[in-house]
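To find a chain, count down the sequence lines: A is the first, B the second, and so on, and within it residues start at 1. All heavy atoms count here, side chains included; hydrogens, waters and symmetry mates do not.
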2 protein chains.
Amino acid sequence: MKKHGGARENAGRPRGVGPHGEATKPVRIPLSLVESLGSILKSHKIPLYSGRVSAGRPLESDNHVQEYVNLYKKLVPEPESIFCVKAQGDSMVGAGIYDGDLLIVDRHEEAGHKKIVIASVNGEQTVKTLLRVKGQLVLMPQNEKYPPLPITPDMEFSIQGVVKHCVRSFS
Amino acid sequence: MKKHGGARENAGRPRGVGPHGEATKPVRIPLSLVESLGSILKSHKIPLYSGRVSAGRPLESDNHVQEYVNLYKKLVPEPESIFCVKAQGDSMVGAGIYDGDLLIVDRHEEAGHKKIVIASVNGEQTVKTLLRVKGQLVLMPQNEKYPPLPITPDMEFSIQGVVKHCVRSFS
DNA sequence: TCTCTTGAATAATGTACATAAATCAAGATA
DNA sequence: TATCTTGATTTATGTACATTATTCAAGAGA
């Protein structure tokens, strides 16, 4: 009888050598997402490079990875309360919001003073900075071409949510 | 012997009545992601409301959902080739890129004429619009305060990637 | 005849289990 | 002694299968 191995410290396949580097658990996933799941999970670790790169070293080097950013969680921490809307017009260019930008909005965050909000005024939907001055609400554009709009009781007015992020896509 | 049911058309639990509305398959997921997987999958369907809302109807109504946007796939179609970097300075405000914005960069896209790129020049990393005029490369700021920078052979120069999206987050 | 109860049928779901992968060290070989 | 081969050990992984959920219609009861 040949004998090899034997019970001992550190025997066997080490933990964490799987592709995930961590214990896993089977979870049922809709078929349509199974294929892209790999990249979905990967996207939770997008490298965030530091702002400055020291002399001549290529950015590709791992040396410059400052941290990893979970873009997903950053933009959509609570999927249930998030919706998107496209910005129209130039009334908020002072806040860096341009026509066509995609706004990520939290419908549950309280609309405090100086927050950028999506509001409905007399049936018109708009994005503006909300000012609360002594109980008076004002919708403030960020462009001198447009005047502030004080909210009066005779107006239909509601706030749909607070703008959390603005995404502009290039070509 | 009592008899009920029996084999027949449309018998049994119908397809698609599960929470996913679709057939599923068990896939192993790292334990650290299992908890947030529900919201990860949900985020693939962020409602995108139409730009205008007709008279007075609340935005929350499903009537106004124009489509659903897969934010995730939009921003990170190819996780392997994407990295992030924070913008510094005001040389690109003309393109709506402000200090502190998060830039999502594709390192594999070809850096064509008029593309906004992350480049390394003599060891300094920078974001500029790339111009290609008769083989001559120029890094073009989008701010009149700064001059264009023609690339000459004596410069260390490389392009790290093409800026695909700019994300600004509010408070 | 109409309504309610219940068994059969079928899809959805979670997990136990069989298999694969990775590592170590005993024994074989040079 | 140094190197190679191989079995034992342990973790990683995919999936078969038992269980649960949902629906339909037969039969019971009013």
Side-chain angles (χ1 to χ4, degrees), chain A residues 1-48 60-63 65 67-83, chain B residues 1-48 60-63 65 67-83:
Chain A
M1 175 73 173
K2 294 171 179 181
K3 246 197 127 203
H4 299 283
R8 77 209 98 97
E9 203 74 356
N10 300 325
R13 183 176 180 165
R15 287 171 198 248
V17 297
H20 301 296
E22 169 182 9
T24 61
K25 174 182 147 77
V27 173
R28 281 192 172 266
I29 305 290
L31 289 183
S32 65
L33 291 178
V34 168
E35 200 189 348
S36 55
L37 190 67
S39 64
I40 290 174
L41 298 181
K42 276 180 203 150
S43 311
H44 282 249
K45 257 190 135 187
I46 302 293
L48 174 61
E60 284 80 9
S61 160
D62 268 0
N63 295 334
V65 177
E67 56 182 312
Y68 287 88
V69 60
N70 188 334
L71 254 189
Y72 177 78
K73 254 192 173 169
K74 179 185 172 75
L75 297 181
V76 192
E78 295 284 343
E80 306 292 0
S81 67
I82 298 291
F83 68 89
Chain B
M1 176 69 174
K2 296 172 179 180
K3 242 197 132 203
H4 299 282
R8 80 209 96 99
E9 202 78 354
N10 300 324
R13 182 176 183 166
R15 287 171 199 251
V17 295
H20 301 297
E22 167 181 11
T24 61
K25 176 181 146 80
V27 174
R28 284 194 170 265
I29 304 291
L31 289 184
S32 64
L33 291 178
V34 168
E35 200 190 347
S36 54
L37 190 66
S39 64
I40 290 173
L41 298 182
K42 276 178 204 151
S43 310
H44 282 248
K45 255 191 136 185
I46 303 293
L48 173 61
E60 284 80 9
S61 159
D62 269 359
N63 295 334
V65 177
E67 57 181 310
Y68 287 89
V69 60
N70 188 334
L71 254 188
Y72 179 77
K73 252 192 173 168
K74 179 185 170 77
L75 297 181
V76 192
E78 293 283 343
E80 305 293 1
S81 68
I82 298 291
F83 69 89

Can you list, in residue-number order, the parts of residues 23-31 of chain A that come under 4.0 Å of DNA chain C, counting heavy atoms only?
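The answer is A:Lys25, A:Pro26, A:Arg28.
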side-chain contact (heavy atoms from CB on, under 4.5 Å) with A:Val27: which of B:Ile29, B:Leu33, B:Val27?
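For A:Val27, the side-chain contact (heavy atoms from CB on, under 4.5 Å) check succeeds only for B:Ile29.
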Counting side-chain heavy atoms from C-beta on, which of C:dT23, D:dT13, C:dA12 comes nearest to A:Pro19?
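Nearest to the side-chain atoms of A:Pro19, counting from C-beta on, is D:dT13.
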Between D:dA12, C:dA11, D:dT23, which one does the side chain of B:Arg15 approach most closely?
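The answer is C:dA11.
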Apply side chain to side chain contact (heavy atoms under 4.5 Å, CB included) to A:Glu22 and list each qualifying residue two or more places apart in sequence or on a separate chain.
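Partners of A:Glu22 by the side chain to side chain contact (heavy atoms under 4.5 Å, CB included) criterion, ordered by chain and then number, come out as B:Pro30, B:Leu31, B:Ser32.
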Nearest non-hydrogen partners of A:Val69 and A:Lys74, listed with the distance:
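Scanning both residues completely, I find the closest heavy atoms to be CG2-CD, 4.2 Å.
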If I take atom CD1 from residue A:Ile82 and atom CG from residue A:Leu75, how far apart are they, to the nearest 0.5 angstrom?
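Answer rounded to 0.5 Å: 9.0 Å.
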Euclidean distance, atom CD of residue B:Glu22 to atom P of C:dT13 [Å, nearest integer]
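From B:Glu22 CD to C:dT13 P: 11 Å.
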May I have the distance from B:Arg13 (atom CZ) to C:dA11 (atom C1'), rounded to whole angstrom?
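Answer to the nearest Å: 6 Å.
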Please report, to 0.1 Å, the donor-acceptor pairs under 3.5 Å made by any side chain of residues 13-20 of chain A, with sequence neighbours excluded.
none

